[in-house]
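Data block below; observations after.
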Amino acid sequence: EIADTYIKPFGTIFLNLIKMIVVPLVLFSIIAGVVSLDDVKKVGAIGGKTVLFYLATTACAVTLGLVFANLMNVGAGYTMPTGELSYEATEPPSLIDTIVNMFPSNFFQPMADATMLQVIVIAVVFGFGMIAAGKKAKPVIDICNAMSDVCIAIMRGIILVAPFGVFGLICPVIASNGIAQAPEGRRIFPDMTVEENLLMGTIAIGNRYQAEDKARMYQLFPRLEERR
C-alpha cells in the first residue's frame, strides 16, 4: 500500500511530464531545424539522409534488443496470468492509406493524440511555409527557436529526475509481484541470491558511489566482499 499510495505517483508524474513535453519538443525542434536551412532543396537532401539514418539506427536498436533479451533471458521466472487476455488480428492498412494518414486534416488533433508522424508532417509543412514567407515570417521563426530552446531545457530537467521517476515506476511492481528467482545458470554469480547479484551489479557499475556506501553493502552481504 505504501508503494502504490506514496511512491507510484512519482512515477506517474514522471511519465506525464515526458508525454507533456514530447509533442512541443518535436514540433518546435523540427520547425527550427527546417527554417535554419533557408533552402527547400537542402531540406530535401538532408531529409533523405535523415530517413536512412533513422531506419539504420532503428534496425540496430531492434537487433541489439533482441540479442540481449535472448542472451539474458529477460523475464525468466515471472509468469503472467493470460486467462483474461484476448487478441483479434486486424487487417493492416495499405501503403496508400498509410501515406494519406500521414497528412492530418486538423492542426490540433494530432498534438492532442500525440500522433507523432502527423506532428512531424505539420512541423515540416510549417517550416517550408516560413521559408517561403521570407522576412515576414521572422517573428514566428524567432518564437519557434525560443520555444525549441525552452522545450530542450524542460526535457533536460526531466532527465535529471529520471532516476526518481524510474524508481517510482519499478518499486510498486516489485512490491506487488516480488523479485522472480532467476535460474542459476542465468545469474552472473550462480552461488549468490538474486538480491546479491543485483547489488553486485550495482557496485560494478556504480563507480560514483561513496566508499562508505559500498562498505555498508559489504557489511550487509559478506559474500560480496569475496568478489571485490
Side-chain angles (χ1 to χ4, degrees), residues 10-69 89-166 168-169:
F10 290 100
T12 304
I13 292 173
F14 173 70
L15 287 180
N16 289 344
L17 287 174
I18 293 178
K19 293 176 183 178
M20 174 197 71
I21 198 61
V22 66
V23 171
L25 176 65
V26 171
L27 179 67
F28 291 113
S29 297
I30 292 179
I31 290 177
V34 171
V35 172
S36 65
L37 298 175
D38 294 327
D39 189 353
V40 177
K41 295 180 180 178
K42 292 181 181 179
V43 175
I46 294 177
K49 295 179 181 178
T50 302
V51 171
L52 292 177
F53 180 75
Y54 171 77
L55 293 175
T57 52
T58 301
C60 290
V62 171
T63 302
L64 289 175
L66 292 174
V67 169
F68 280 104
T90 59
E91 184 179 354
S94 63
L95 177 61
I96 299 299
D97 291 336
T98 302
I99 295 175
V100 171
N101 292 332
M102 289 171 55
F103 297 87
S105 59
N106 185 287
F107 178 83
F108 297 102
Q109 193 64 40
M111 300 181 193
D113 297 337
T115 309
M116 298 311 301
L117 191 57
Q118 293 184 349
V119 172
I120 293 172
V121 171
I122 290 174
V124 172
V125 170
F126 271 78
F128 286 159
M130 293 177 191
I131 293 175
K135 295 182 179 180
K136 294 181 180 179
K138 189 176 185 307
V140 182
I141 293 174
D142 293 338
I143 292 175
C144 289
N145 288 329
M147 287 299 299
S148 176
D149 293 337
V150 170
C151 292
I152 291 173
I154 294 174
M155 178 58 75
R156 188 179 294 114
I158 295 174
I159 292 175
L160 289 177
V161 300
F164 301 99
V166 174
L169 294 171

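None of the values given here were measured: they were computed from a predicted structure.
In terms of heavy atoms, V121 sits closest to F103 at CG1-CD2, 3.7 Å. The two residues A32 and N145 make their nearest non-hydrogen contact at CB-OD1, 3.2 Å. In plain terms, the two heavy atoms of F28 and C151 that are nearest each other are CD1-SG, 4.3 Å. I31 approaches A123 most closely through the heavy-atom pair CG1-O, 3.5 Å. Smallest separation of non-hydrogen atoms from V124 and I30: CG2-CG2, 4.0 Å. Across all non-hydrogen atoms, the minimal contact from I122 to P110 is CD1-CG, 4.0 Å.
Summarising the geometry, atom CD1 belonging to I99 is positioned 5.0 Å from atom CD1 belonging to I96; distances are rounded to the nearest 0.5 Å. Interatomic distance, CD1 of I159 versus CZ of F14, reported as 8.0 Å (0.5 Å rounding). Considering OG of S29 and CD1 of I120, their distance stands at 11.0 Å, rounded to 0.5 Å. One distance of note links CD1 of I18 with CG of L25; it measures 11.5 Å at 0.5 Å rounding. The CE atom of M147 lies 13.5 Å from the CG atom of D142; values are rounded to the nearest 0.5 Å. A distance of 11.0 Å separates CD1 of I143 from NZ of K138, quoted to the nearest 0.5 Å.
No more than 12 heavy atoms of other residues, nucleotides or ligands lie within 6.0 Å of CZ in F53, so this atom counts as exposed by the packing criterion.
With hydrogens and angles disregarded, a donor-acceptor distance shorter than 3.5 Å links the side chain of T63 to the backbone of A59.
Scanning for side-chain contact (heavy atoms from CB on, under 4.5 Å) contacts around L117 gives M102, with sequence neighbours left out.
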